[in-house]
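Right, one structure below, let's go through it.
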Amino acid sequence: MDVSLLPPTTTIAGTADPKQLKLLEDLFKDYGVRSTTIIKVMEMGFTVNTLVNMMEQEIDDLIKTMTESYHMELLVGEKYGLKSAIRAEKKRQEEDMERQRLQLLATSSKKHKSDESGMVVTSLEGTREQRGDNVMMFPEAVAPNAPLNLNSKDHVQQEHSHAQIGPPGLLALPEPSSDNEGHKLPRKKPKRRLLREPGEDGDDRTREHPFIVTEPGEVARGKKNGLDYLFDLYEQCARFLDEVQQMARERGEKCPTKVTNQVFRHAKLKGASYINKPKMRHYVHCYALHCLDKEKSNFLRKQFKERGENVGAWRQACYYPLVDMARDNGWDIEGVFARNEKLRIWYVPTRLRQLCHLEKSKDSDSCIYD
């Protein structure tokens with residue numbers, strides 16, 4: 001009987017392990033590979049695991065060996081069938097492994113959440129007990145004698161600042177950053193803020209600033225840049241805004257009048273990835289002082305450089321001259337920005353607006369008592 005006419009599931013007496021042959025038959029099932037070819041593959045010492053772990057070039061070498069060394073006449077469909085079956089089995093095994101990995105991750109995540117829930121309950125119970133003891137022993141510890149933090153609805157905390165320039169009653173309030181520069185106070189969970197000074201918002205974690213305090217014309221040394229470089233970034237933003245406006249006019253689209261996310265994206269496309277929204281929003285009031293009163297700005301730079309203060313302390317000090325300018329202009333800080341050619345393209349920082357509102361309220365209270 002011609003063995004080529006045998007069905008795929010038929011085994012031949014005297015061949016090797018029938019179990020291995022059955023696995024090979026299942027592998028090449030529905031791929032047009034004849035039983036004689038499957039038997040020859042097994043006789044050559046190949047198993048399913050061996051075939052699945054072979055590279056494409058190695059499978060081509062196997063087919064070449066069968067045709068040249070063993071003088072087998074493989075059909076064209078068989079050659080493609082061998083490769084297709086092995087490729088499909090390899091993909092199936094990879095998908096099974098990925099499915100098992102995802103199941104293990106899901107199981108581990110559920111267990112982790114369960115453990116965390118238990119820890120939170122225990123922690124809350126301990127906090128309640130500790131709070132009760134503190135109220136009895138130290139009732140003044142819970143007295144709300146600190147000013148309200150505008151960035152939080154529930155907690156009160158005293159804001160501290162490294163800067164000693166300006167009125168002592170002026171608070172350093174939190175400054176959320178957005179395109180409309182905080183016309184509404186944030187209601188969602190505050191995002192992690194960059195470049196936060198120790199003690200700001202009650203957070204003692206130190207954040208490294210990318211700049212150092214330098215005097216006008218001084219070249220910064222080391223890895224950090226000077227303040228002249230910082231102010232030049234704002235000039236670059238103005239040029240990128242001009243480019244965005246020009247493109248918008250050519251397309252018949254609405255032109256942005258201020259530096260928005262569109263400008264920052266355009267700067268990045270132009271290769272200026274060093275210009276980013278958080279950094280530019282963080283120091284915009286410092287640039288405002290530089291534009292409005294360069295003499296005062298240079299004086300602060302020189303003073304803080306001589307005292308060895310970091311750029312965060314200098315940044316805080318830059319608020320106070322701007323508050324004084326707002327006071328002299330009827331607390332119209334928006335108008336102060338709008339009347340300056342370089343500043344009109346920048347949003348007024350939320351913190352600066354809040355400081356002006358706070359000082360305006362203090363002045364009003366003083367007038368009432370007087």
Side-chain angles (χ1 to χ4, degrees), residues 175-183 190-197 206-294 297-298 300-301 304-305 310-316 318-319 322 334 336-352:
E175 176 183 20
S177 177
S178 62
D179 277 345
N180 60 5
E181 279 303 307
H183 291 290
K191 297 182 179 179
R192 182 175 68 88
R193 292 175 51 213
L194 299 177
L195 307 175
R196 182 178 297 164
E197 276 295 352
T206 58
R207 301 295 174 88
E208 184 179 3
H209 292 264
F211 305 101
I212 59 174
V213 179
T214 56
E215 297 183 21
E218 179 184 359
V219 179
R221 303 183 184 278
K223 296 182 179 180
K224 295 187 179 182
N225 295 303
L227 298 184
D228 287 342
Y229 172 81
L230 170 63
F231 295 149
D232 182 67
L233 296 182
Y234 291 92
E235 306 292 337
Q236 294 184 42
C237 285
R239 292 193 290 270
F240 284 126
L241 174 61
D242 291 339
E243 294 178 6
V244 171
Q245 291 175 337
Q246 180 64 29
M247 290 188 296
R249 294 190 191 97
E250 293 175 355
R251 299 171 184 172
E253 301 174 352
K254 183 179 178 181
C255 292
T257 58
K258 293 185 181 293
V259 178
T260 61
N261 289 340
Q262 184 180 2
V263 177
F264 293 119
R265 287 194 294 267
H266 176 70
K268 187 175 182 180
L269 290 175
K270 288 292 186 176
S273 57
Y274 49 86
I275 294 179
N276 58 73
K277 177 178 176 179
K279 180 167 59 180
M280 304 311 294
R281 294 281 192 243
H282 198 66
Y283 298 98
V284 66
H285 69 284
C286 304
Y287 177 65
L289 179 61
H290 173 75
C291 295
L292 295 170
D293 191 345
K294 185 172 292 187
S297 175
N298 292 343
L300 285 179
R301 292 173 61 176
F304 276 74
K305 170 66 182 306
N310 62 20
V311 73
W314 165 79
R315 174 183 173 274
Q316 292 292 341
C318 289
Y319 281 113
L322 295 175
E334 297 280 356
V336 173
F337 271 59
R339 286 188 289 271
N340 186 277
E341 183 179 356
K342 292 185 177 181
L343 293 181
R344 65 181 58 171
I345 64 175
W346 294 96
Y347 291 103
V348 177
T350 300
R351 180 179 299 185
L352 177 58

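Throughout, numbering of the chain's residues begins at 1 and tracks the sequence. Hydrogens, waters and symmetry mates play no part in the numbers below; they use all other heavy atoms, side chains included.
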With the side chain counted from C-beta on, respond yes when [X] and [Y] share a heavy-atom pair under 4.5 Å apart, and no when they do not.
{"X": "Val311", "Y": "Leu227", "value": "yes"}
{"X": "Asn276", "Y": "Phe264", "value": "no"}
{"X": "Tyr283", "Y": "Cys318", "value": "no"}
{"X": "His266", "Y": "Met247", "value": "yes"}

Closest approach of [X] to [Y] (non-hydrogen atoms, all atoms of both residues):
{"X": "Ala220", "Y": "Thr214", "result": "CB-CG2, 4.2 Å"}
{"X": "Lys305", "Y": "Val213", "result": "CD-O, 3.4 Å"}
{"X": "Ala338", "Y": "Arg344", "result": "O-NE, 3.5 Å"}
{"X": "Pro349", "Y": "Phe337", "result": "CD-CZ, 4.0 Å"}

Look at the rings of Phe231 and His290 and say which category their plane angle falls in: under 30° parallel, 30 to 60° tilted, over 60° perpendicular.
parallel
By side chain to side chain contact (heavy atoms under 4.5 Å, CB included), which residues pair with [X], not counting sequence neighbours?
{"X": "Gln262", "value": "Val244, Pro256, Thr260, Arg265"}
{"X": "Lys342", "value": "Glu235, Tyr287, Cys291, Asn340"}
{"X": "Glu253", "value": "Ala248, Arg251"}
{"X": "Ala272", "value": "Phe240, Ala267, Tyr274, Ile275"}

Mind checking the [atom1]-[atom2] spacing from [X] to [Y]? Nearest 0.5 Å is all I need.
{"X": "Arg239", "Y": "Glu243", "atom1": "CZ", "atom2": "CD", "result": "9.0 Å"}
{"X": "Leu322", "Y": "Arg351", "atom1": "CG", "atom2": "CZ", "result": "13.0 Å"}
{"X": "Ile212", "Y": "Trp314", "atom1": "CD1", "atom2": "CH2", "result": "12.0 Å"}
{"X": "Tyr229", "Y": "Phe211", "atom1": "OH", "atom2": "CZ", "result": "6.5 Å"}
{"X": "Leu343", "Y": "Leu289", "atom1": "CG", "atom2": "CG", "result": "10.0 Å"}

Keeping the roles fixed (side chain from Arg281, backbone from Tyr347), state whether a donor-acceptor pair exists under 3.5 Å.
no
Ignoring hydrogens and geometry beyond distance, is a side-chain donor-acceptor pair present between Gln236 and Asp232 at under 3.5 Å?
yes
Please check if the number of heavy atoms outside Lys294 that lie under 6.0 Å from its NZ is greater than 12.
no
Using the side-chain contact (heavy atoms from CB on, under 4.5 Å) rule, take Val259 and Val284 through it: C-alpha gap first, then chi angles, then the decisive distance, then the call.
CA-CA 11 Å; Val259 178; Val284 66; over 6 Å; no
Name all residues meeting the side chain to side chain donor-acceptor pair (under 3.5 Å) criterion together with Glu341; count only those two or more places apart in sequence or in a different chain, and write none if there are none.
none
Just jot down the side chain to side chain donor-acceptor pair (under 3.5 Å) partners of Asp228, sequence neighbours excluded, or say none.
Arg301
